Amino acid sequence: MLKGLLVDYAGVLTDPDAGLLYEYLRDARANGTRTALVSNAPGAAPGVKTELSQYFDALVFSGEVGVAKPDREIYLVAAERIGLAAPRCVFVDDAERNVRGAVAAGMVGVHHRSIADTLDELAALFS
């Protein structure tokens, strides 16, 4: 059973309809799904981290962990930080190569093309 949802930031959470995905994240988390942000950014300001922490149990920035997507290690770090094995996690990213990296790490991958399509895929995976 899938229990973890890892999400990229740029291109996914910056989508014009991203508010719907943020709502999904909040609801999923309230219902026991563990969540993590996985970003190739060097890090984030404390205020940004505080804002994001209402949606995510873990924030994983490549600049802080020393490894970047699509290296499988960054996905494993994120899974470990939310207390799950990789096969229990789904990873969402708009870059296909990053999705392939997550799949190589043992996760289910979702290639984000639109908020509506991503939410449909997540509904099927987490039903």
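The model shown is predicted, which means the values in this text are computed figures rather than measured ones.
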If I compare all heavy atoms of [X] with all of [Y], which pair ends up nearest, and what's the gap?
| X | Y | answer |
| --- | --- | --- |
| R81 | R34 | O-NH2, 4.3 Å |
| A44 | K49 | O-CE, 3.4 Å |
| H111 | E121 | O-OE2, 4.4 Å |
| N40 | K69 | OD1-N, 2.8 Å |
| A78 | L6 | CB-CD2, 3.4 Å |
| L76 | A86 | CD2-CB, 3.8 Å |

Please tell me if the side chains of [X] and [Y] come closer than 4.5 Å, counting only heavy atoms from C-beta onward.
| X | Y | answer |
| --- | --- | --- |
| Y24 | L5 | yes |
| L13 | L37 | yes |
| D15 | L21 | no |

Tell me whether [X] shares a hydrophobic cluster with [Y], the cluster being built from Ile, Leu, Val, Met, Phe, Trp, Tyr side chains joined at under 4.5 Å.
| X | Y | result |
| --- | --- | --- |
| V90 | M107 | no |
| F56 | V12 | yes |
| Y55 | L84 | no |
| V92 | V108 | yes |
| Y9 | F61 | yes |

Output the distance between atom [atom1] ([X]) and atom [atom2] ([Y]), rounded to the nearest 0.5 Å.
| X | Y | atom1 | atom2 | result |
| --- | --- | --- | --- | --- |
| L25 | Q54 | CG | CD | 10.5 Å |
| D120 | S114 | CG | OG | 8.0 Å |
| E73 | S62 | CD | OG | 13.0 Å |
| L122 | H112 | CG | NE2 | 10.5 Å |

Hey, does the side chain of [X] reach the backbone of [Y] with a donor-acceptor pair shorter than 3.5 angstrom?
| X | Y | answer |
| --- | --- | --- |
| T118 | I115 | no |
| D57 | T35 | yes |
| Y75 | G106 | no |

- Determine whether more than 12 heavy atoms belonging to other residues, nucleotides or ligands lie under 6.0 Å from atom CD of E80.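 No.
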- Query: Can you tell which of V38, V110, V103 makes a side chain to side chain contact (heavy atoms under 4.5 Å, CB included) with F91?
  - Reply: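 Running side chain to side chain contact (heavy atoms under 4.5 Å, CB included) over V38, V110, V103 with F91 returns exactly one hit, V38.
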- State which residue, out of I82, T33, L2, fulfils the side chain to side chain contact (heavy atoms under 4.5 Å, CB included) condition with C89. I82
